[in-house]
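Counting convention: from 1, in listed order, for ligands and their atoms alike. Not measured: the values here are computed from a predicted model.
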Amino acid sequence: METIIKTYNRALLCDFEYFEPVNISEAVSLLQKYGDDAKLIAGGTDLLVDIKEEKIKPKVLVSIMKIPDLKCIVEDGTELRIGAATTLAEIEESRVIRENYGLICEAAKELGTVQVRNMATIGGNICNAVPSADLPPALVALDAQLKIVGANGERILPLEEFFVGVRKTKLKNELLKEIVVGRPPERSGTAFIKLARTSEDLAIVNAAVRVTLNKDGICEEARVVVGGGIGPTLLRSREAEKMLEGRKLDGEVIGKAAEICGQGFQCRSKSIRASPEYKIEVGKVLVKRALLKALERVGG
Ligand SMILES: Cc1cc2nc3c(=O)[nH]c(=O)nc-3n(C[C@H](O)[C@H](O)[C@H](O)COP(=O)(O)OP(=O)(O)OC[C@H]3O[C@@H](n4cnc5c(N)ncnc54)[C@H](O)[C@@H]3O)c2cc1C
């Protein structure tokens, strides 16, 4: 049974109805019923800021935090499923994620403060769709897929295809159910690096990479993903990946890949965090450092 609380919240200056559905189908029905008037709320660390700043005035809030199916970390030896309402703190503390999908933990630890990570969810970090979010680059570097639920059932979408612009996604009155990640192949090294003005701030630039070597130490597969203020969405640099794949990796090859990656940056002219010139230069440095770290971790 969903709980309905009619509330006028003076602190938030916004009059809304609040629902707490206990299963996914109830939540989806509410989204269908109220359409654009409704907003899903998970940890609220992004949404409540938007309401307070009067960027949005939803008439209906649908909390997903009482839906048990959205709070899970399940691993079967080949694949990891993380429920969208799982908090960053739960991810950080998960042994199975730390040991087998270390890149996700590495990115989660970089997000905000302990207090924020106790509330913030992985689904909220993805669905808010700011280009500076920390989890999406790491998840794209691991080829994550999203399970999305709407009135017409469930669909699966690669995370890489989910973002269409700043704070714009392919969700259509739908709910993100879970994030699915396959175990990285053997001989894979990963790394996530973030540069921010303070340890609690959103990224100026962040970079997540994976390199997978074959038995001869040649790079078989690479992922190079950059977020932050380098474009309206994160960038997966296939050109940089091509530069790495089929080669024995060293500082020179990695430096060239980082340069190539930088050519894909589309920095906006104005930003509160840094100038476009700075972001381009620092972005290339971060990619290079992340690739060197990943190579070192895989013993290359
Ligand atoms: C002080 C502070 C520091 C922060 N630092 C960082 C940082 O360093 N790095 C970083 O990446 N972020 C940072 N953030 C942003 C924020 O904490 C994260 O983006 C967080 O993961 C959002 O999750 P949430 O559960 O709070 O989302 P909410 O605020 O509840 O929701 C965010 C958006 O996603 C939608 N949504 C949520 N869940 C779903 C779902 N399952 N399906 C569909 N739509 C959904 C909501 O409708 C809303 O539009 C910071 C925030 C604060 C307040």
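For Ile64, every heavy-atom contact with ligand 1 shorter than 4.0 Å involves the side chain, none the backbone. Of the heavy atoms in Val116, only side-chain atoms (C-beta onward) come closer than 4.0 Å to ligand 1. In Glu178, neither the side chain nor the backbone holds a heavy atom less than 4.0 Å from any atom of ligand 1.
For ligand 1, the atoms lying closer than 4.0 Å to a non-hydrogen atom of Gly44 are 24 (P), 26 (O), 28 (P), 29 (O), 30 (O). Here is the list of ligand 1 atoms found below 4.0 Å of a heavy atom in Ala84: 41 (N).
Using a 4.0 Å cut-off between charged side-chain N and carboxylate O, Asp50 and Arg167 make a salt bridge.
Of all the listed residues (Gly112, Ser63, Gly43), Gly112 holds the heavy atom that lies closest to atom 5 (N) of ligand 1. Nearest residue to atom 19 (O) of ligand 1 from Asp46, Thr45, Val130, Val62 is Asp46 (criterion: closest heavy atom). Taking only non-hydrogen atoms, the option from Asp50, Thr169, Val149, Leu176 nearest to atom 41 (N) of ligand 1 is Leu176. Atom 4 (C) of ligand 1 has its nearest heavy-atom neighbour, among Glu200, Arg117, Arg167, in Glu200.
Looking at ligand 1, you won't find any N or O of Leu202 less than 3.5 Å from one of its N or O atoms.
A centroid separation of less than 6.0 Å is found between the aromatic rings of Phe19 and Tyr34.
Looking only at side-chain heavy atoms (C-beta outward), Thr233 and Pro131 stay at 4.5 Å or farther from each other.
In this structure, Lys177 does not count as a contact residue of ligand 1, since none of its heavy atoms falls inside 4.0 Å of the ligand. Under a 4.0 angstrom heavy-atom cut-off, Asp201 registers as being in contact with ligand 1.
Judged purely by atom type and a 3.5 angstrom limit, Asn206 uses its side chain to pair as donor or acceptor with the backbone of Ala133. Remark: the backbone N or O of Thr87 is paired with a side-chain donor or acceptor of Glu90 at under 3.5 angstrom. Within the 3.5 Å criterion, the main-chain N or O of Leu142 finds no donor-acceptor partner in the side chain of Arg210. In this structure a side-chain-to-backbone donor-acceptor pair under 3.5 Å is missing from Arg289 to Ile193.
When each of Ile280, Val205, Ile204 is tested with Ile230 by the rule side-chain contact (heavy atoms from CB on, under 4.5 Å), just one qualifies, namely Val205.
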